[in-house]
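One-based numbering along the sequence shown.
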Amino acid sequence: MTGRTETDRSETVDGAPVVEELVVPATMDDDPELVRAFSDWLAVSDAAEVAVHGLPELPWTPAEYLPMCHEPGSPSRLFVVRDDTGAVVAAGAYDSKTAPGTTNCWLSLGVRPDRQRQGLGTLLADHLEQLARAEGRTQWKTYAVSRQVGPGTGPGYRRAPTGSGAVPEDEAAVRFLTGRGWRFGQVNRISRLGLPADPSVVRELHDRAATEAGPGYRVHTWTGTTPERWLDDLALLHTRMSTDAPEGDMQEPEDVWTADRVRESEEQLATGPHTMLTVAVEHVESTTLAGFSQLKVPDDPSRAVMQWDTLVLREHRGHRLGWLLKVVGIETVERDFPDRPSIVTFNAEENRPMLDVNEAVGFVGVGSEGIWEHRD
């Protein structure tokens, strides 16, 4: 077995580059050629993004990224374009749910910085979009990183339809997606908190949030697998991430999670060199979870902690529970995983409640991410 498809082994056809689909390795101990091809794919994907945002903490290591390619119910399909030496010069991904009737998907691509503007992005985009059409996907999304955009944006910037956030008009991804008929819909702010955080600020915010939450809510934390008593509640919270999180006018179909799916996802992610930290808040009267926040902590202490999902159910908002989740997460990371350099998070620019707590605790905006949609 090799890192390429059985039907697409050559780098070129009559001298022109072609798109190849990789066989994604099951683990980092799989066939060395599969692992090498996957690592080359990731290196090009990361290099293309770092060339834009300039943030060295965001790239994944192959061992960290591989488990996410095998997410139960939504495995990733990976594609490359090679030059005539066999080196990967463009990398793309096609992600979708395997559940019957799924109408949406996510596409991504990156071209090695020294090979951009040579038609490779167009070749790969054509392939990914044709695949989406062939599978009957009618809503496509992509996330295009951007350099940091300050609050005083003006001429030369395209504001999001949400009214919050903007991307530079002169960026290659903006021009490329616009030219292909994609619609700009939303901006995520990329923020970084250097660790250790100011302990007096964190403690003050914790006390304020706990006071506003009152005795009606109780915080729980765990690492790794979710305790049995919270599985159904966590499945509901994951499901509500697909309906309650800010999406502008680009709402996706509800993504239903079950307890079994939560457990399968946790088992898959646990194969990587990292620990998932979960902070959850219980509504005492109903004994159900009202919100949660998860942080992915690399085993390597030199690597940044990545903030994953954070959500407070709509019916429990207004009690500073998001603030409580955030500060308890920071405190737990610093206590149980010392010497990590930072926490990095992505938040919708219109999600002012979450940005408020991030800014209050010391997160600083370091980049942006435009979210684009194509309706076919």
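A donor atom on one side chain and an acceptor atom on the other are found under 3.5 Å apart for N347 and N358. At a cut-off of 3.5 Å, with distance as the only test, a side-chain donor of T85 or D83 sits close to an acceptor on the other residue. A donor atom on one side chain and an acceptor atom on the other are found under 3.5 Å apart for S293 and T310. If you check the side chains of D260 and T258, you find no donor sitting under 3.5 Å from an acceptor. E282 and T287 form no side-chain donor-acceptor contact under 3.5 Å, judged by distance and modelled atom types alone. For the 3.5 Å distance criterion, the side chains of T278 and Q294 qualify, holding a donor opposite an acceptor. Between the side chains of S76 and D95, at least one donor N or O lies within less than 3.5 Å of an accepting N or O. A donor and an acceptor atom, one from each side chain of S164 and T162, are nowhere located under 3.5 Å apart.
Here CZ of F337 is found 4.5 Å from OG1 of T275. Values are rounded to the nearest 0.5 Å. A distance of 9.0 Å separates NZ of K296 from CE of M306, quoted to the nearest 0.5 Å. Separating the CG atom in L295 from the OG1 atom in T221 is a distance of 11.0 Å, to the nearest 0.5 Å. The distance from atom CZ of R375 to atom NZ of K141, rounded to the nearest 0.5 Å, is 8.5 Å. Note that CG of D244 is 10.5 Å distant from OG1 of T239, once rounded to the nearest 0.5 Å. Taking CG of D255 as the start and CH2 of W257 as the end, the distance is 7.0 Å to the nearest 0.5 Å.
W182 does not carry R180 over the face of its six-membered ring by the limits of under 6.0 Å from the centre and within 45° of the normal.
Taking S96 as the reference, Y94, C105, E135, R137 meet the side-chain contact (heavy atoms from CB on, under 4.5 Å) condition, with sequence neighbours excluded.
The backbone N or O of P298 sits less than 3.5 Å from a side-chain atom of R340, completing a donor-acceptor pair. With hydrogens and angles ignored, the 3.5 Å screen pairs a side-chain donor or acceptor of T271 with a backbone N or O of Q268. Between the side chain of T98 and the backbone N or O of G73, at least one donor-acceptor pair lies under 3.5 Å. For the pair H319 (side chain) and L321 (backbone), a donor-acceptor distance under 3.5 Å is absent. For Q139 (side chain) and Q251 (main-chain N/O), a donor-acceptor pair under 3.5 Å exists by modelled atom type. The main-chain N or O of L120 is never found under 3.5 Å from a side-chain atom of R115 such that the two would form a donor-acceptor pair. Checked by atom type and distance alone, the side chain of D233 pairs as donor or acceptor with a backbone atom of L289 at under 3.5 Å. Remark: the backbone N or O of V111 is paired with a side-chain donor or acceptor of Q116 at under 3.5 angstrom. With E373 contributing its side chain and F184 its backbone, the two residues share no donor-acceptor pair below 3.5 Å.
Connection of L193 to W323 is established within a shared hydrophobic cluster, with ILVMFWY side chains joined at heavy-atom distances below 4.5 Å, either directly or through further cluster members. At a threshold of 4.5 Å between side-chain heavy atoms, the hydrophobic network of Ile, Leu, Val, Met, Phe, Trp and Tyr places W222 and V262 in one connected group. No single ILVMFWY cluster, assembled from side-chain heavy atoms under 4.5 Å apart, contains both V305 and M276. Under the 4.5 Å side-chain contact rule for hydrophobic residues, V312 and V219 share a cluster. Under the 4.5 Å side-chain heavy-atom criterion for ILVMFWY residues, a single connected hydrophobic cluster contains both V89 and F79.
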Going through the distances and angles, do H374 and D376 end up as a side chain to side chain contact (heavy atoms under 4.5 Å, CB included)? CA-CA 6 Å; H374 190 291; D376 199 43; 3.9 Å; yes
Working for salt bridge (charged side-chain N to carboxylate O under 4.0 Å, His left out), residues E349 and R159: CA-CA 11 Å; E349 280 286 1; R159 293 204 66 81; over 6 Å; no
Determine, step by step, whether H238 and F292 satisfy the side chain to side chain contact (heavy atoms under 4.5 Å, CB included) criterion, reporting the C-alpha distance in whole Å, the side-chain angles of both residues, the deciding distance to 0.1 Å, and the verdict. CA-CA 9 Å; H238 279 300; F292 81 128; 3.8 Å; yes
Can you check salt bridge (charged side-chain N to carboxylate O under 4.0 Å, His left out) on R352 and E359, steps first, answer last? CA-CA 10 Å; R352 180 37 59 185; E359 292 166 358; 3.0 Å; yes
Working for side chain to side chain contact (heavy atoms under 4.5 Å, CB included), residues M68 and L269: CA-CA 7 Å; M68 294 184 289; L269 288 174; 3.9 Å; yes
Before giving the answer on ring-ring contact (aromatic ring centres under 6.0 Å, His included), spell out for W308 and F346 the whole-Å C-alpha distance, their side-chain angles and the decisive distance to 0.1 Å. CA-CA 8 Å; W308 276 31; F346 290 64; over 10 Å; no
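Results of the side-chain hydrogen bond (donor to acceptor under 3.5 Å, both in side chains) test with Q186 over E350, E369, E247 single out E350 as the only residue that passes. Under the side chain to side chain contact (heavy atoms under 4.5 Å, CB included) rule, V327 has a single partner from V201, L205, T332, D207, which is L205.
When all heavy atoms of G92 and L124 are compared, the pair lying nearest together is N-CD2, 3.5 Å. L325 and V279 make their closest contact through CD2-O, 3.4 Å (heavy atoms, listed as atom of the first residue, atom of the second, distance). When every heavy atom of P161 is checked against every heavy atom of G185, the shortest pair comes out as CD-O, 3.5 Å. For the residue pair T226 and L234, the shortest heavy atom distance occurs at OG1-CD2, 3.2 Å. Summarising the geometry of R82 relative to G86, their closest heavy-atom pair is NH1-O, 2.8 Å, with the distance given to 0.1 Å. Taking all atoms of both residues into account, the shortest heavy-atom contact from L324 to A210 is CD1-N, 4.0 Å.
Here the side chains of W106 and Y143 are in contact, with some heavy-atom distance below 4.5 Å. Side-chain contact between L313 and R317 is absent, with no heavy atoms from C-beta onward closer than 4.5 Å. Using a 4.5 Å heavy-atom threshold, the side chains of V35 and P25 count as touching. Residues L231 and R263 meet the side-chain proximity criterion, which asks for heavy atoms closer than 4.5 Å. With a 4.5 Å cut-off on side-chain heavy atoms, R147 and P168 count as touching. Inter-residue side-chain proximity for H274 and E64 is flagged as met; some heavy-atom pair is nearer than 4.5 Å. The closest side-chain heavy-atom distance from V80 to D40 is not below 4.5 Å. In this structure the side chain of T102 never reaches within 4.5 angstrom of the side chain of P253, judged on heavy atoms.
Using a cutoff of 4.0 Å between basic side-chain nitrogens and carboxylate oxygens, R158 and E171 are not scored as salt-bridged. Between R36 and D30, no side-chain nitrogen of the basic residue sits less than 4.0 Å from a carboxylate oxygen of the acidic one, so the salt-bridge criterion is not met.
Under the 30°/60° scheme for interplanar angles, the aromatic rings of Y217 and H316 are found to stand perpendicular.
The 12-atom threshold is not exceeded at CZ of R117, counting heavy atoms of other residues, nucleotides or ligands nearer than 6.0 Å. Within a 6.0 Å radius of CD in E285, no more than 12 heavy atoms belonging to other residues, nucleotides or ligands are found.
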